[in-house]
Structure formats: structure tokens, C-alpha cells
Protein chains: 2
Amino acid sequence: MNTRRATIADVARRAGVAPSTASVVFSGKTPSSAATRQRVLDAAAELGYTGPDPRAASLRLGRSGIVGVVFEEHLGTAFLDPVNTVMMDGLADGVSPLGAGLLLLRDDDNEGRLPTLTSAPLDAAVLVGCSGRLRDSLATVLRRGIPVVVIEGDAGDGVPQIDLDNREAQQQMARHLRSLGHERVATVTLPTDAARLRGFIAAGAEVTVGVTRDRLDGLRDVYPDAVAYAAAASSIDEGLAAGRVLLAGGAARPTAVIAQSDLLAAGVIRAAEEAGLRVPEDLSVTGFDGITVDGLAPYRLTTMAQPAADKGRAAGQAVAAMLGGEAAASFRFTCTFRAGNTTGPA
Amino acid sequence: MNTRRATIADVARRAGVAPSTASVVFSGKTPSSAATRQRVLDAAAELGYTGPDPRAASLRLGRSGIVGVVFEEHLGTAFLDPVNTVMMDGLADGVSPLGAGLLLLRDDDNEGRLPTLTSAPLDAAVLVGCSGRLRDSLATVLRRGIPVVVIEGDAGDGVPQIDLDNREAQQQMARHLRSLGHERVATVTLPTDAARLRGFIAAGAEVTVGVTRDRLDGLRDVYPDAVAYAAAASSIDEGLAAGRVLLAGGAARPTAVIAQSDLLAAGVIRAAEEAGLRVPEDLSVTGFDGITVDGLAPYRLTTMAQPAADKGRAAGQAVAAMLGGEAAASFRFTCTFRAGNTTGPA
DNA sequence: TTGTACGCGTTATCAA
DNA sequence: TTGATAACGCGTACAA
């Protein structure tokens with residue numbers, strides 16, 4: 001029982017061929033005679049050799065087959081909203097032609113500053129929701145010279161970005177409500193900055209998260225004076241908390257609430273039910289994303305459906321292109337209005 | 001503009017030191033004089049060198065800092081239930097002493113059979129929910145001689161497993177209902193096999209998924225004749241569908257429903273509401289997991305809380321131990337009964 | 001504290 | 001179709 005693992009050289013020696021020949025048998029890059037192949041395979045079996053060591057191969061090839069995905073929140077938070085997991089599925093699809101896997105990176109300010117991001121054998125990186133701390137990650141990756149794509153964030157420079165037409169989409173939704181005759185409209189937004197504080201957004205307040213800002217701007221294009229309340233995360237419970245605040249206004253309460261995500265909208269609907277308001281008769285509620293909100297039936301949200309899986313897939317393809325030496329272009333996806341049963345006349 | 005990336009040798013040459021010295025400066029494994037360090041760092045900055053290439057380092061060290069996590073479902077499905085994301089967070093914690101990241105692997109039967117699992121530079125692997133197709137993954141990993149830990153699955157052999165006392169826990173919950181006087185009890189189970197078909201589970205039917213089987217057995221220890229209905233996934237909507245079927249029975253309908261997950265329980269509660277039944281006055285409902293079900297308030301599920309994060313952390317620690325050359329033992333966690341407001345007297 | 005020499009395991013290139 | 005050779009970029013004994 002040898003303690004050392006067999007290498008391709010051992011296999012080659014045992015099979016009586018050159019190491020390069022054995023390598024060719026495993027990679028299949030060059031034709032080899034059936035007899036040779038069999039001899040090599042037999043030798044490998046006898047030695048318990050299961051194929052080239054990926055570490056050595058990746059050094060030689062300059063490719064590890066690993067794409068890093070960096071979120072700026074904890075995994076638990078990031079995956080709370082299905083829109084992110086759907087995007088991840090698309091991303092997994094997008095990179096699969098590369099035979100690549102996805103390495104989950106937490107953007108904590110752990111002890112070592114971004115330890116894995118600097119030390120992981122990445123072929124490329126995808127940053128999700130670039131704002132705040134993620135800018136450090138971006139700098140790190142750019143310095144390493146690794147191809148990087150940013151989803152839903154402003155990366156500046158020549159970094160390909162995969163975006164949505166957030167402002168136009170929210171504008172469209174606001175016009176829908178206007179056409180229904182709504183005058184008093186409030187909105188529940190996604191977090192406005194890294195602090196993720198819950199509360200009303202003052203008129204001139206700065207919103208550093210791009211998605212949140214753009215959707216808010218879209219709403220204000222139509223309703224300049226809409227009241228805005230920021231949630232601390234995208235979840236039903238956060239929507240519920242925000243909804244309670246917004247619907248407590250008595251006579252001045254809004255007749256419609258525009259939520260910046262479907263989960264938030266679901267929470268607002270719960271708040272309405274609590275307050276004895278019927279949706280959509282007494283209150284119209286709109287979402288954003290177009291995901292399936294687990295447990296929301298029989299409501300079907302009126303929402304702006306975003307192509308989340310396509311977004312991920314596009315990011316994957318952009319990564320693949322860059323690794324192929326081509327320049328990848330930024331791409332902006334369009335959301336589509338989807339009527340449900342949660343909006344009605346004022 | 002040189003096309004080739006700078007290596008540590010280039011940096012050393014420019015700094016006028018030996019490569020090994022430069023290496024030491026970056027790794028910090030051996031003390032070096034401040035002057036030398038500064039010269040090396042300056043040279044690195046001038047050359048745009050950002051530190052050792054992880055690919056080369058991992059070959060040299062025999063470590064890649066990557067732990068593979070293999071699910072048997074699509075990412076979107078796996079992450080639908082928070083219990084899994086919580087577990088992932090724990091796992092991320094558990095492997096962080098290794099400075100390792102988590103590589104997400106889909107266990108699809110894609111064209112290439114498990115391409116990434118065989119070709120990724122993994123230090124270790126964690127299989128989640130070992131049953132059906134995952135057995136192939138297990139064989140693959142074992143053949144590669146990579147340390148592997150199985151969460152919630154039967155791996156046989158000497159593979160460390162991280163489990164729950166599913167049977168005892170469900171038994172305990174069943175006794176809780178019995179002590180409340182319930183006679184007609186039904187259960188909504190997690191998927192029973194790889195096919196994930198929805199429907200009643202016949203008396204002698206085989207249940208191949210261990211978790212599902214064990215919890216069902218625990219229930220039958222107390223209520224041998226309980227009606228069982230299998231859901232196709234762990235979600236509120238699946239629980240709702242199952243609840244509709246189980247509560248349609250008229251006079252023979254159960255007075256209590258034991259769900260095998262909190263999400264399923266939430267769905268059953270919705271079904272009860274639909275049917276005009278009050279929880280817990282007309283129907284008691286119990287869950288399993290002890291997660292926070294987004295949007296379920298004001299209900300607080302009576303449930304068996306499982307230490308999901310600890311499970312992940314333990315798996316991470318087992319992996320770390322095995323990489324340290326120690327043998328890792330299997331571990332079985334215990335669930336704890338948590339009273340909520342969803343159960344009451346029959 | 002620094003330098004020399006070597007090997008980690010593989011694969012591309014080129015010649016035979 | 002096969003074989004010899006030379007990197008890939010780094011870390012670490014060991015000697016100085």
C-alpha cells in the first residue's frame with residue numbers, strides 16, 4: 001500500500017508508454033490507437049488512478065473551471081428572495097458550456113480582507129448588486145486581471161454590466177395606476193444603502209443602491225410626491241412591517257402601494273388584510289420581479305416581470321465570451337407588465 | 001506593454017532578491033527584514049503583481065481551498081426552503097477556518113456525466129440529501145479519494161454523516177398531539193423518491209428518501225394508521241395542495257395534520273383557512289424545522305426545531321478534520337419541541 | 001536572513 | 001500515432 005497517490009507518470013510507466021501519450025488518452029485531444037488506450041486504461045485501473053489531478057491541470061491550462069459569484073449579503077439573506085436563486089440557475093446554465101462551477105463568495109468584512117476572493121483559483125467573477133462593499137471586491141478582482149461581469153450594479157469603466165430597465169419599468173407601472181385613477185400612491189422600496197435601515201425616505205435623501213434609486217426615480221417621474229418607505233430586505237415580513245406603517249394613515253392613507261419586489265408586495269397585501277382592507281377594491285398593490293410568491297394564492301400580483309434567469313444566463317455567456325478572448329458587451333433587459341388581480345380602480 | 005502576466009520570479013528579479021525571498025514576503029511564513037519586504041512590495045506594485053497565482057499555489061500545496069456542495073435538485077428548488085440556506089450559512093462558517101469557499105454543484109444528469117464533480121479542484125465534498133442520483137456522485141468522489149461528508153443521507157461505509165433524530169422527533173410531536181386528544185391525524189410528507197410524485201402513500205409503499213421515511217416511521221410509531229400524503233417539494237404551495245386534499249374529507253377529516261416541514265405546514269394552514277377552519281380550534285397543524293416562515297405571522301408554528309446551521313457547521317468541521325488527517329465521526333443532532341399557537345385540544 | 005535547487009502533476013509542441 | 005522536452009508558477013528543504 002503506497003501512501004502516495006498514483007500520477008499519470010506512474011500510469012504511463014506501467015502501461016509502457018510516454019506520459020504525454022497517457023495524457024492524450026485521458027483528454028482525448030489527439031487520436032490514439034485502441035490498443036494503446038486499453039493498455040493505459042488498464043494500468044490506471046490497476047493503480048487506482050482516476051484521472052488527471054485538476055490542480056495540476058488547471059496550472060498547466062491556465063483554467064480552473066471556476067466562476068466566483070459574489071453577493072454583498074449573507075447567503076441566507078441573498079437566497080431569501082427567489083429572484084436571486086432563479087438568477088443563479090440561469091447563471092449556472094450560462095457557464096455550463098465552460099464546464100464551470102459556481103463558487104459562492106461571501107462579501108463579509110471577515111478578519112482577512114476578502115480572503116477567498118484573492119486566493120481562490122477563479123477564471124472569472126460575477127458580482128451581484130454592486131454597491132458599497134462590493135466596490136472593494138470589484139477593485140480586488142480587477143487588480144487580479146480576472147474577467148468580471150456585474151449584475152444590477154454600476155461598475156463604471158469597461159466592465160460589462162447586466163441590467164434591467166428599472167426606471168422605465170417602474171414608470172410603466174406607475175402609469176398603470178394613474179390610468180386607474182389613483183392619486184395617493186406610496187411605495188415600499190428595497191434597501192437604500194449598506195446600512196439597510198427601515199424607515200421613510202426623506203425627499204432629498206441619497207439612495208446609494210442603484211436598483212432602489214432607479215425604481216424610485218421611475219415612480220417619481222409619474223408621482224413626484226409619492227411617499228416612500230424603505231424596507232430592510234426583500235421579504236414578506238418586511239413588506240408587512242412597511243405596509244402597517246403606510247396603511248395606518250387613516251383618511252390620508254394611499255389607495256395604491258407600489259412595492260419594489262414581489263415579496264414586499266405580498267407583505268403589503270397581508271398588512272391590508274390585517275387592516276381590513278380588500279385588495280384590490282380598497283387598495284391596489286403592485287410588485288416587481290414576476291416570481292412565484294410561495295403561498296400567495298389566490299392573489300396574482302400585478303407586477304413587472306423581469307427575466308431573472310435570462311439575466312443570469314447572459315452574465316454566464318458574457319463571462320464565457322471574455323474567457324474566449326472576445327469583448328463582452330453590457331446588456332440591459334426589459335421588464336414586461338403582467339396584469340394580476342391586485343390592482344383596480346381607485 | 002508586456003502580454004504575459006508578471007510572476008513572483010519577475011518581482012524577485014526586479015527587487016533584486018531571490019524568488020524564495022519574495023515568496024516568503026507574500027506568505028509571511030518566515031520573518032523577513034522590513035527593508036526587503038518593502039523592496040519586494042514596491043517591485044510588485046510596479047509590475048502590477050497582485051500575489052501568488054492560486055492555481056500554482058494549490059498545485060504546490062496540494063490544497064485548493066474549495067469544498068464542493070452537491071445537491072440533488074436544481075439550485076432554485078434546493079434554496080426554496082430556508083432550512084437549506086441556513087444550513088449553507090452554517091457550512092460556510094464551518095469551512096471558514098480552512099479559508100475555503102463553497103463550490104455549488106448541480107447533480108444534473110447533464111450531457112457529460114457529472115463533469116464538474118470529476119474535474120473541479122476540490123479539497124473535499126459535502127453531499128446533501130444522499131439518495132438516488134447522489135449515490136453516483138458519492139461513488140465518483142470516493143473514487144477520487146476526496147474526503148466526503150453526507151448530510152441527511154445514508155452513505156453506508158465509513159463516510160461521516162450528519163443526521164437528525166428524525167424518527168424520535170416526529171414521534172415526540174405525535175405524542176404531543178395524542179396528549180391533546182387527537183385521534184384522526186394525517187401527515188403531509190416531503191417527497192418520497194426521486195420521481196417526486198404528489199399523492200397518497202399506500203400502506204406498504206416503499207419510501208426511498210431517508211428523511212421522509214424516518215419522519216413517517218416516527219409518526220406511525222404513535223399513529224399506525226395515519227393517512228399520509230406526499231408533497232412534490234417543500235413549499236407552501238405544495239402544502240396548500242396537500243391540505244386541500246386532506247381537508248376535503250367532510251366528517252372523516254383529520255383533526256390534526258403533521259407536516260414534515262414548516263413550509264408544508266404553512267400551506268396546510270392556508271388550506272384550513274380556505275376551508276373555513278380555524279387553527280388551532282378546528283384543526284391543529286404542526287411543522288418541522290423551526291425556520292422563520294416568511295409571512296406566516298401571526299401564526300407561530302408548533303414545530304420540531306432542528307439545528308440547521310449547526311448541521312452545516314458540523315459538516316464543515318468534519319471536512320476540516322478530515323483534511324487535517326484526523327478521522328471525522330458521524331454526528332446525529334437532536335430536534336427540540338417548540339410550542340406555538342397552531343395546536344390545541346382535539 | 002537570503003539564495004539554490006528541485007518537484008508538485010500535467011499538457012502543448014514538435015519531431016520522429 | 002507516439003515520444004521527448006519544456007514549461008505552467010510556486011513553496012520549501014537545505015545550505016550559506
Side-chain angles (χ1 to χ4, degrees), chain A residues 2-41 43-44 47-65 118-123 144-146, chain B residues 2-40 43-44 47-65 99 118-123 144-146:
Chain A
N2 200 334
T3 174
R4 201 173 62 76
R5 293 189 58 82
T7 75
I8 202 171
D10 299 328
V11 173
R13 199 173 313 119
R14 175 144 193 156
V17 301
S20 55
T21 304
S23 171
V24 155
V25 167
F26 283 105
S27 75
K29 295 241 182 177
T30 306
S32 54
S33 77
T36 307
R37 165 177 300 120
Q38 199 51 56
R39 277 225 309 285
V40 171
L41 260 29
L47 263 40
Y49 179 82
T50 57
D53 180 337
R55 279 179 284 260
S58 73
L59 171 58
R60 177 64 239 225
L61 297 172
R63 286 283 174 83
S64 64
T118 49
S119 65
L122 302 181
D123 287 343
R144 270 181 72 182
I146 292 178
Chain B
N2 200 335
T3 172
R4 201 172 62 78
R5 294 189 57 80
T7 75
I8 202 171
D10 299 328
V11 173
R13 198 174 313 122
R14 175 148 195 150
V17 302
S20 60
T21 305
S23 172
V24 157
V25 166
F26 282 106
S27 76
K29 295 249 182 177
T30 306
S32 53
S33 75
T36 307
R37 166 176 300 120
Q38 198 50 58
R39 278 228 307 285
V40 171
L47 262 40
Y49 179 82
T50 57
D53 181 335
R55 279 180 283 261
S58 74
L59 172 58
R60 180 64 242 238
L61 297 171
R63 285 283 172 81
S64 63
T118 49
S119 65
L122 302 181
D123 287 344
R144 270 181 72 182
I146 293 177

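First the proteins, then the strands, lettered A, B, ... as listed; each starts at 1.
Looking at the side chain of B/D53, the nearest of the listed nucleotides D/dG11, C/dT4, D/dG9 is D/dG9. Of the candidates C/dT2, C/dT10, C/dA12, the closest approach to any side-chain atom of B/T30 belongs to C/dT2. Considering only side-chain atoms of B/S32, the nucleotide from D/dG3, C/dT2, D/dT1 that sits closest is C/dT2. In the set C/dG3, C/dC8, D/dG11, the nucleotide with an atom closest to the side chain of B/L59 is C/dC8.
Residue B/V24 is classed as having no contact, given no heavy-atom separation below 4.0 Å to the nucleic acid. Within the nucleic acid shown, B/F26 has no heavy atom closer than 4.0 Å to any nucleic acid atom.
Within the 4.0 Å cut-off from OP1 or OP2 of C/dT2, not a single side-chain nitrogen or oxygen of B/T21 is found. Neither OP1 nor OP2 of C/dG9 sits under 4.0 Å from any side-chain N or O of A/T7.
Residues B/S27 and A/A18 both approach DNA chain D. Their nearest nucleotides, taken by heavy-atom distance, put A/A18 toward the 5′ side. Along DNA chain C, the nucleotide closest to B/S33 and the one closest to A/A9 are compared, and the more 5′ of them pairs with B/S33.
Remark: the A/S20 side chain and the A/S23 side chain contain no N/O donor-acceptor pair separated by less than 3.5 Å.
Side-chain to base pairing of A/S20 with D/dA4: one donor and one acceptor N or O lie within less than 3.5 Å of each other. Remark: the A/R60 side chain and the C/dT11 base include a donor-acceptor N/O pair separated by less than 3.5 Å.
Rounded to whole Å, atom P of D/dG9 lies 14 Å from atom CG of B/L47. The CZ-C1' distance, from B/R55 to D/dG11, rounds to 18 Å in whole Å. Whole-Å rounding puts the A/R39 CZ to D/dG3 C1' distance at 13 Å. Regarding A/L61, its CG atom lies at a distance of 15 Å from the C1' atom of C/dC8, rounded to whole Å. Rounding to whole angstrom units, CD1 of residue A/I8 and P of D/dG3 are separated by 13 Å. Nucleotide D/dG9 holds its C1' atom 17 Å from the CZ atom of A/R63, rounded to whole Å.
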Does the pair B/D53 and A/R144 meet the rule for a salt bridge (Lys or Arg N to Asp or Glu O under 4.0 Å), with working shown?
CA-CA 9 Å; B/D53 181 335; A/R144 270 181 72 182; 5.9 Å; no
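B/R63 places none of its side-chain heavy atoms less than 4.5 Å from the side chain of B/S58. Using a 4.5 Å cut-off on side-chain heavy atoms (C-beta onward), A/R13 and A/T7 make no contact.
Across all their heavy atoms, B/V17 and B/R39 have their closest contact at CG1-NH2, 3.5 Å.
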